[in-house]
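So that the names make sense, note that chain A is the first sequence line, chain B the second, and so on, each numbered from 1. Values below: every heavy atom of this structure, side chains too, minus hydrogens, waters and symmetry copies.
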2 protein chains.
Amino acid sequence: MALSHALLTSLLEKSSSGYDLARRFDKSIGFFWHATHQQIYRELGRMEAAGWIASSSAPDAGKTRKRIYRVLPPGQAELLRWAAEPSAPMDLRDEFMVRLRADAALGSLDLAPELERRIALHQDKLALYREIEQRDFAAGTGMVRAASIHHMILKKGILYEENSIAWAQEMLDLLKKKSWNTNPRHQTPEPEAGA
Amino acid sequence: MALSHALLTSLLEKSSSGYDLARRFDKSIGFFWHATHQQIYRELGRMEAAGWIASSSAPDAGKTRKRIYRVLPPGQAELLRWAAEPSAPMDLRDEFMVRLRADAALGSLDLAPELERRIALHQDKLALYREIEQRDFAAGTGMVRAASIHHMILKKGILYEENSIAWAQEMLDLLKKKSWNTNPRHQTPEPEAGA
DNA sequence: TGCTCCATGTAACACGTTACATGATTGC
DNA sequence: GCAATCATGTAACGTGTTACATGGAGCA
């Protein structure tokens with residue numbers, strides 16, 4: 001389970017309420033990893049029960065139920081323990097690849113519009129990441145360790161978006177191509193071949 | 001839900017048993033998307049109940065329970081319907097990014113060995129993909145549409161692995177760097193900033 | 001008054017993972 | 001005979017998603 005550890009990390013950076021955490025998460029780790037508020041409240045409840053975090057009524061709570069969560073020493077110890085574990089690289093589990101294979105099997109399904117929509121989405125995200133990069137990681141400044149790491153995480157996102165755009169554009173060109181060789185000798189040998 | 005549609009696509013390419021499907025899946029879509037045999041049997045059961053697929057005892061079953069699944073017209077119609085739907089680009093949900101943020105928050109956690117392990121894993125995968133590319137998509141041959149699409153899906157994987165290696169190597173250099181600027185003016189302004 | 005946002009929660013379900021179980025076939 | 005592989009399944013649990021519910025605060 002990694003969500004709880006992502007939340008621990010986020011709370012270490014800044015104690016906050018579940019609601020704030022959900023919004024903050026969306027703007028940091030959540031650029032890559034979305035979590036709903038339900039997931040977050042559920043994890044906060046479990047972590048509090050486990051003694052990893054504690055909550056207290058927020059100073060600005062008024063009559064609301066607003067609570068501030070903070071990391072306790074056992075929570076920090078758990079995060080240290082977990083960080084040393086190996087983990088598998090993520091899957092490239094993209095539904096669009098399945099749609100493409102369906103297109104290959106059934107004949108043209110006109111996936112070009114969806115591909116164009118995705119290119120636009122990737123470009124928007126890329127623009128956002130570059131804006132953040134310019135704002136928070138201006139070139140030339142000798143950065144401290146933590147900031148350099150945050151910068152590298154952002155760069156991972158930038159690389160991914162750039163790549164996705166380049167690939168999608170090549171794919172789009174291919175889908176728009178008219179003249180196909182129908183000689184069966186040039187087909188792949190087996191259905192399982194080729195990714 | 002996309003797994004059922006991935007299985008439909010795979011069965012369209014070739015009717016097969018649940019077991020064969022699981023193995024074939026691992027070697028095609030499953031390079032990017034792993035599914036356990038339990039998931040696959042569960043989905044096959046649902047799809048048969050829904051009338052998307054039908055099964056019959058395999059010709060080579062002998063005394064085993066081996067069954068061959070094939071796609072029925074309603075299954076193909078469902079795949080066509082689904083393929084036209086828009087879908088969100090996948091998350092970059094990588095646990096290692098969380099570990100890096102934990103490292104940034106807590107001080108050096110010695111993540112270099114894990115990073116080196118990951119580089120090796122990415123290199124292995126890249127070598128495998130390139131082998132498949134050479135075997136099934138030899139350069140210069142005018143390919144048919146379906147093969148070109150399969151090639152592009154494979155290329156997506158190749159690009160991703162190349163990228164991951166390049167990024168991880170830069171990250172590794174950064175983690176091994178000794179001299180850090182500790183001037184707090186160079187820290188990022190807010191915890192939520194920077195990916 | 002009604003609208004939006006803040007803040008927290010329950011319920012139900014779909015999807016994914018792990019462990020365990022069963023029996024036939026193939027090869028040494 | 002024994003082990004590995006083929007082939008299919010159940011059970012339990014953890015994670016992720018969607019829908020719905022509740023009530024306070026700020027604003028027009």
Side-chain angles (χ1 to χ4, degrees), chain A residues 1-8 11 15-27 29-30 32-50 53 55-69 82 85 87-88 90-95 98, chain B residues 1-8 11 15-27 29-30 32-50 53 55-69 82 85 87-88 90-95 98:
Chain A
M1 178 179 26
L3 178 58
S4 57
H5 298 90
L7 295 178
L8 275 178
L11 282 178
S15 294
S16 45
S17 69
Y19 190 85
D20 282 343
L21 191 57
R23 280 163 70 258
R24 207 143 57 76
F25 197 78
D26 266 358
K27 293 189 177 180
I29 296 168
F32 308 145
W33 183 332
H34 179 71
T36 61
H37 76 275
Q38 288 84 347
Q39 274 178 279
I40 288 171
Y41 285 123
R42 184 160 60 188
E43 282 306 323
L44 286 174
R46 284 177 194 166
M47 289 196 287
E48 188 163 24
I53 59 175
S55 66
S56 44
S57 189
D60 62 337
K63 287 175 186 170
T64 70
R65 284 180 291 182
K66 187 174 181 180
R67 304 188 66 74
I68 299 294
Y69 290 88
W82 172 81
E85 282 182 354
S87 61
M90 54 164 246
D91 279 2
L92 267 175
R93 187 179 300 214
D94 190 339
E95 289 193 13
V98 178
Chain B
M1 178 179 25
L3 178 58
S4 57
H5 298 89
L7 296 178
L8 274 179
L11 283 178
S15 293
S16 44
S17 69
Y19 190 86
D20 283 342
L21 192 56
R23 279 164 71 258
R24 208 143 55 76
F25 198 79
D26 266 358
K27 294 189 177 179
I29 295 169
F32 308 146
W33 183 331
H34 179 71
T36 62
H37 76 274
Q38 288 84 349
Q39 274 178 278
I40 288 171
Y41 285 123
R42 185 161 56 186
E43 283 305 324
L44 286 174
R46 285 176 193 167
M47 289 195 288
E48 188 163 25
I53 59 175
S55 67
S56 43
S57 190
D60 62 336
K63 288 177 188 170
T64 70
R65 284 180 291 179
K66 186 173 183 180
R67 304 187 67 73
I68 300 293
Y69 290 88
W82 172 82
E85 281 182 354
S87 61
M90 54 164 250
D91 279 3
L92 268 175
R93 188 178 299 214
D94 190 339
E95 288 193 15
V98 178

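Summarising the geometry, the separation between CE on Met47(B) and C1' on dA14(C) is reported as 15 Å, rounded to the nearest angstrom. Distance CG (Asp91(B)) to P (dT15(D)): 17 Å, rounded to an integer number of Å. For the pair Met90(A) CE and dT17(C) P, the interatomic distance rounds to 14 Å; values are reported in whole Å. The distance between atom CD of Glu43(B) and atom P of dA14(C), rounded to the nearest whole Å, is 11 Å. Distance Ile40(A) CD1 to dT15(D) P: 14 Å, rounded to the nearest Å. Atom CZ of Arg93(A) is separated from atom P of dA14(C) by 18 Å (rounded to the nearest Å). The separation between Phe25(B) atom CZ and dG16(C) atom C1' is 13 Å, rounded to whole Å. When rounded to the nearest whole Å, the span between NE2 of His34(A) and P of dT15(D) equals 17 Å.
Judged by distance alone, the side chains of Asp26(A) and His34(A) do bring a donor and an acceptor atom under 3.5 Å apart. For the 3.5 Å distance criterion, the side chains of Ser56(A) and Arg67(A) fail to qualify, holding no donor opposite an acceptor. Side chain to side chain, Arg24(A) and Ser16(A) meet the donor-acceptor criterion of an N or O pair below 3.5 Å.
Atom CD of residue Gln39(B) and atom CG of residue Leu3(B) lie 5.5 Å apart, to the nearest 0.5 angstrom.
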- Note on the structure: Whether each nucleotide of nucleotides 3-9 of chain D has a protein heavy atom under 4.0 Å at its base (B), only at its sugar-phosphate (S) or at neither (-) is summarised, 5' to 3', as ---BBBB
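Considering only side-chain atoms of Leu3(B), the nucleotide from dG16(C), dC15(C), dT18(D) that sits closest is dG16(C).
Not one side-chain nitrogen or oxygen of Gln39(B) sits closer than 4.0 Å to the OP1 or OP2 atom of dC15(C). Residue Arg46(B) has no polar side-chain atom (N or O) positioned under 4.0 Å from OP1 or OP2 of dA14(C).
Contact check on Asp20(B) versus Arg23(B) returns a salt bridge, with a Lys/Arg side-chain nitrogen under 4.0 Å from an Asp/Glu carboxylate oxygen.
Arg42(A) contributes a side-chain N or O that forms a donor-acceptor pair with the base of dG16(D) under 3.5 Å.
Counting heavy atoms from C-beta outward, Asp91(A) and Phe32(B) have side chains that stay 4.5 Å or more apart.
Tyr41(B) and Gly18(B) make their closest contact through CE2-CA, 3.9 Å (heavy atoms, listed as atom of the first residue, atom of the second, distance).
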